[in-house]
Every structure is written in structure tokens, then in C-alpha cells.
Number of protein chains: 2
Amino acid sequence: MSHFTPNTHRTFTIIKMKRSLEQIEYKEDTEALAKFAKALGHPTRIAILKHLENQSCCFTGDLVDVLPISQSTVSQHLKELKNAGLIQGELKPPKIKYCINQENWKIAKTLFQQFFD
Amino acid sequence: MSHFTPNTHRTFTIIKMKRSLEQIEYKEDTEALAKFAKALGHPTRIAILKHLENQSCCFTGDLVDVLPISQSTVSQHLKELKNAGLIQGELKPPKIKYCINQENWKIAKTLFQQFFD
DNA sequence: TTTGTTTATCGCCAATAGACGATTAGATTA
DNA sequence: TAATCTAATCGTCTATTGGCGATAAACAAA
């Protein structure tokens with residue numbers, strides 16, 4: 001798969017984290033919540049998502065302008081958010097428009113709500 | 001400070017993450033949310049907090065019995081949750097009773113709620 | 001075809017995270 | 001005092017994270 005094919009319609013799947021030689025297993029909801037939380041566990045990624053919430057969508061370049069880090073680092077954070085299923089990319093050559101993945105956003109929201117009662 | 005003095009009345013403070021040689025700065029709420037999320041970003045820690053929510057409180061040993069990992073690893077995860085301000089320990093010699101830190105729990109809950117709209 | 005624009009990937013590095021067994025250290029009890 | 005119980009810390013190891021500059025790749029336009 002080319003790096004220029006940003007999984008526009010990728011669906012969210014739970015891939016258990018590697019933690020030890022013998023896999024340690026937890027309930028699916030626990031894994032899912034931890035995965036979302038991990039993706040949110042960096043200020044840059046929070047900032048990206050807040051920006052996407054405001055603008056509804058934006059290009060990578062916009063984020064690079066706003067954030068105090070390099071283009072390659074922004075790209076890495078976008079990749080992590082994409083892998084976690086929280087955002088999705090839409091090809092608008094030569095740019096890529098990133099948006100919140102509403103479907104998974106709802107799932108994450110629900111998981112956090114349930115978790116905090 | 002002894003390892004047996006588990007910061008029973010420790011209050012939650014934001015300590016910015018080290019990320020680069022030149023510090024990268026974000027808004028305080030962004031940092032705080034990322035810090036909470038990072039603490040939640042591991043299934044073991046989610047499991048611990050869920051257990052504490054059910055039992056309201058419990059001893060380290062109870063968690064060691066329930067979780068598929070060693071005592072030392074459990075202790076490390078407890079330390080991280082304590083540093084993030086999500087739990088607190090109460091001395092019940094020779095045991096330590098851990099509970100949710102309700103004050104900071106509310107703060108975290110609010111931050112996540114606001115974040116998800 | 002070549003050039004320009006945009007963004008992902010690569011390679012590198014330092015720091016952090018996560019696991020474990022072994023040890024240490026409070027506190028209680030014998 | 002000595003033995004016991006509990007839980008934190010230490011030391012070690014491997015894997016992951018997060019940063020950067022440089023490069024490569026996709027596409028548009030000249």
C-alpha cells in the first residue's frame with residue numbers, strides 16, 4: 001500500500017497491544033478504551049483533534065503552520081490518530097484533507113462516558 | 001520520602017512533558033487532558049481503575065490476584081496512576097488501600113466531556 | 001518531460017515505557 | 001529481637017515513542 005493512499009475508508013479494529021512474550025489479555029472494551037486513550041495521550045494529538053473539531057476538516061499543511069513541530073513529526077502524529085481510528089484522510093490532490101472519523105469518535109466518546117460513569 | 005508514604009493527600013499538578021530539547025508548549029487544558037489520557041493509555045491501568053470503581057477501594061494485593069502480571073509491575077502501574085492524580089493510597093498497615101481520587105477524577109471527567117462535546 | 005507542491009516514509013537518536021525477578025523497607029506480631 | 005507480611009524500589013532488558021532532517025512519492029501544471 002502506498003503512503004499516498006491514506007486509508008480513507010478504513011474501519012476501526014482492535015489490535016491488542018504487545019506487552020510481553022506471553023500475550024496478556026484483557027476485555028475488549030478495556031483494550032479499546034486504552035487504545036483510544038493512548039492515542040489521546042500526547043498534547044500534540046489533542047491539539048490536532050481540537051483543531052479538527054473547530055475546523056471540521058483541514059489539510060496537513062494547516063496543522064504544520066499551527067503547531068510548533070516539524071512537518072515529519074506532524075505526519076507521524078496524524079498516522080497514529082489514523083491508526084487509532086480517530087481521524088480519516090480524504091485525497092484532495094496534491095493535498096490531503098483530514099477529518100474526525102465520526103463513527104469511531106462516537107465509540108470513543110461512549111467508552112469514555114461509560115468509564116467515568 | 002519513603003516508598004511507604006504514598007502521598008495520601010497529594011494534589012494534582014500539571015508538569016509539562018519533556019518532548020524535545022527546546023520545550024514545546026501547549027495550553028494548560030491540552031496538557032492536562034493529554035496527561036490523563038496517557039495514564040489511561042494502558043489496559044492494565046484501565047482494568048485497575050475499573051476495579052477501583054466497582055470496589056470503591058482495594059489493596060494492592062487484591063489487584064495482583066486479579067491481574068495477570070507480577071506484583072512489581074502492578075506497583076509500577078499504581079505509581080503512574082498516582083502520579084497522574086487519578087488514585088490515592090491510604091496506609092492500613094501493613095497494607096495500602098487504594099481509592100479513586102474523586103477530586104481529580106471529576107476534573108478528568110470534565111476535561112474528557114468537554115473534549116468530546 | 002520537467003518542475004513544483006504536498007505529504008508520507010526512512011534513518012537516526014535519545015528518552016520513555018513496560019515487563020520481570022530480586023531486594024529493600026515499613027509495620028505487625030511472635 | 002526475630003520472623004512475617006506487604007508493597008515499593010532497584011537493576012536489567014527489550015520495545016516503543018517522539019523528535020529531526022533528508023528523501024521519496026503522488027499528482028498537477030507548465
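Heavy atoms only: backbone and side chains are in, while hydrogens, waters and symmetry mates are out. Convention: sequence-line order gives letters A, B, ...; per-chain numbering from 1.
- In this structure, CD1 in A:I69 is found 4.0 Å from OG1 in A:T44, a value given to the nearest 0.5 Å.
- Nearest nucleotide to the A:S70 side chain, out of D:dG21, D:dG18, C:dT7: D:dG21.
- Taking atom CG on A:L67 and atom P on D:dC20, their separation rounds to 11 Å, with Å as the unit.
- When the side chains of ILVMFWY residues are joined at heavy-atom separations under 4.5 Å, either directly or via intervening members, A:V64 and A:L49 end up in a single hydrophobic cluster.
- Of the candidates D:dA7, D:dC27, D:dG18, the closest approach to any side-chain atom of A:L91 belongs to D:dC27.
- Regarding A:K82, its NZ atom lies at a distance of 8 Å from the C1' atom of C:dA8, rounded to whole Å.
- One atom, CG of A:L81, and another, P of C:dA8, lie 12 Å apart when rounded to the nearest Å.
- A cation-pi arrangement is not found for A:K109 relative to B:F116, the charged atom failing to lie both closer than 6.0 Å to the ring centre and inside a 45° cone about the ring normal.
- At least one donor-acceptor pair closer than 3.5 Å links the side chain of A:T110 to the backbone N or O of A:K106.
- Within the 4.0 angstrom heavy-atom criterion, base atoms lie near A:T73.
- Within the 4.0 angstrom heavy-atom criterion, base atoms lie near B:S75.
- Closest to the side chain of A:P94, from the set C:dT9, D:dG19, D:dC27, is D:dC27.
- Atom NZ of A:K79 sits in a sparse spot, with 12 or fewer heavy atoms from other residues, nucleotides or ligands closer than 6.0 Å.
- Closest contact between the side chain of A:E80 and the listed nucleotides C:dA19, D:dG18, D:dT9 involves D:dG18.
- With C:dT16, C:dT9, C:dT7 as the choices, the nucleotide that has an atom nearest any side-chain atom of A:K79 turns out to be C:dT9.
- Contacts of B:Q71 with the nucleic acid, taken as non-hydrogen atoms under 4.0 Å apart, include base atoms.
- Summarising the geometry, the separation between CD1 on A:I46 and P on D:dG18 is reported as 12 Å, rounded to the nearest angstrom.
- Considering only side-chain atoms of A:S72, the nucleotide from C:dA19, C:dA8, D:dA22 that sits closest is D:dA22.
- If you measure from atom OH of B:Y98 to atom P of D:dT6, you get 15 Å, rounded to the nearest angstrom.
- As a whole-Å value, the separation of A:K97 NZ from C:dT5 P is 23 Å.
- Contact of B:Q76 with D:dA8 (side chain to base): no donor-acceptor pair of N or O atoms is detected under 3.5 Å.
- Set against D:dA8, D:dG19, C:dG18, the side chain of B:L78 has D:dA8 as its closest nucleotide.
- Nucleotide C:dG26 holds its C1' atom 16 Å from the NZ atom of B:K95, rounded to whole Å.
- A:H77 has no side-chain polar atom (N or O) that falls below the 4.0 Å cut-off from OP1 or OP2 of D:dT17.
- Following rounding to the nearest Å, B:H42 (NE2) and D:dA15 (C1') show an atom-to-atom distance of 12 Å.
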